[in-house]
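Below is one structure, written out as C-alpha cells; comments come after it.
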Amino acid sequence: MNKLVKDADEAVKDVFEGATLALGGFGLCGIPENCIAALVRKKVKNLTCISNNAGVDDFGIGLLLQGRQVKKMISSYVGENKLFEQLVLSGELELELTPQGTLAEKLRAGGAGIPAFFTATGYGTQIAEGKEVKEFNGRKYILERSLFADFAIVKAWKGDSMGNLIFRGTARNFNPNVATASYITIAEVEELVPAGELDPDQIHVPGIYIKRIFQGKNYEKRIEKRTTTKG
C-alpha cells in the first residue's frame with residue numbers, strides 16, 4: 001500500500017463537511033501546521049475537533065475558528081485563545097470540556113477498541129452530569145465514552161514511507177494517542193526517509209495506524225509563551 005502523498009492539500013482532500021477530526025499537539029507544540037493550513041484553504045465547515053486546546057487566535061486551530069469552520073470542540077483547555085472563548089460564550093461554538101487526563105485516555109481507549117471506561121476524575125462536578133456512576137472499593141467513578149474520529153492529523157519529527165513515526169521531546173504529547181484513534185490518520189513529518197532506515201526501538205507510532213504521510217515544509221514552531229530571566 002502506497003501511503004505517500006504529495007502535500008497537505010492532497011492529504012486532506014476528502015475531509016468532508018461535518019467530519020470529526022482529531023488533532024495532535026499541545027498548545028502550539030507538535031501541531032500539524034501544514035494540514036491545518038490546508039483545511040483552512042479547503043474551507044470545509046461544521047467540523048468537530050478533538051484537541052487538547054485550540055492554539056491561539058492567529059495560529060493552529062485558531063485559524064479554523066477564524067473561518068467559522070468548527071461547530072464543536074472537545075478539549076481540556078480554553079485559555080490563550082480569546083476567539084475560542086468568545087465563540088463559546090456567545091453559543092456559536094459548542095464545547096465539550098474534558099479533563100486533560102480523561103481526554104488522553106478517551107483517545108487511547110478509542111484506539112485500543114475500548115468503548116468506555118470508569119474514572120474517578122470529575123465525579124461530583126459538572127463533568128459527571130448525565131453520566132453513569134458506579135462505586136468500586138468505596139470510591140465513586142463515572143463512565144466516560146472513548147473517542148474515535150473520522151480523520152486524525154498528527155505531526156512527527158521523522159517518519160518513513162511505511163508510516164512509522166518518531167516524535168522529538170515534548171512534541172510527542174497527544175500525537176501518539178491521536179494517531180491510533182481514527183479511521184484515516186494523516187501524518188506530516190519534518191524528515192521523510194525510506195522504509196528500513198528508522199531504528200525499530202525508537203519508533204513511537206507503528207505505520208499500521210497511518211494511512212497517509214508526507215514531508216511538511218515551512219514549520220514556524222511558534223512558542224506559545226516565552227519566559228526569560230531578567231538580567
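Interatomic distance, Ile74 CD1 to Glu96 CD, rounded to the nearest 0.5 Å: 4.5 Å. For the atom pair Ile127 CD1 and Glu144 CD, the distance stands at 7.5 Å (nearest 0.5 Å). Put simply, CG on Leu87 and CD on Glu94 are 13.0 Å apart, with the number rounded to the nearest 0.5 Å.
The backbone N or O of Glu220 sits less than 3.5 Å from a side-chain atom of Glu33, completing a donor-acceptor pair. The main-chain N or O of Gly67 is found under 3.5 Å from a side-chain atom of Lys45 such that the two form a donor-acceptor pair. The closest donor-acceptor contact from the side chain of Ser75 to the backbone of Ser51 lies under 3.5 Å. In this structure, Asp57 contributes its side chain and Leu83 its backbone to a donor-acceptor pair below 3.5 Å. In terms of modelled atom types and a separation under 3.5 Å, the side chain of Ser146 and the main chain of Pro115 share a donor-acceptor contact.
Between Glu92 and Lys71, no side-chain nitrogen of the basic residue sits less than 4.0 Å from a carboxylate oxygen of the acidic one, so the salt-bridge criterion is not met. Between Arg212 and Asp14, at least one side-chain nitrogen of the basic residue sits less than 4.0 Å from a carboxylate oxygen of the acidic one, meeting the salt-bridge criterion. Ionic pairing of Glu132 and Lys134 is present here: one or more N-O contacts between side-chain nitrogen and carboxylate oxygen are shorter than 4.0 angstrom. Between Glu105 and Arg108 there is a salt bridge, since a side-chain N of the basic residue sits under 4.0 Å from a carboxylate O of the acidic one. Salt-bridge formation is not detected for the pair Lys158/Glu190: no Lys NZ or Arg NE/NH1/NH2 atom is positioned less than 4.0 Å from an Asp or Glu carboxylate oxygen.
A donor atom on one side chain and an acceptor atom on the other are found under 3.5 Å apart for Asn52 and Gln100.
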Which is it for Phe118 and Phe136 under the ring pair (Phe, Tyr, Trp, His ring centres under 6.0 Å) test, yes or no, and what are the steps along the way?
CA-CA 10 Å; Phe118 282 100; Phe136 297 93; 5.4 Å; yes

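Taking the six-membered ring where the residue is Trp, Phe148 and Tyr183 present perpendicular rings, their angle passing 60° and hence far from 30°.
Heavy atoms from other residues, nucleotides or ligands lying under 6.0 Å from OH of Tyr209 number 12 at most.
Glu17 meets the side-chain hydrogen bond (donor to acceptor under 3.5 Å, both in side chains) test with Asn46; sequence neighbours excluded.
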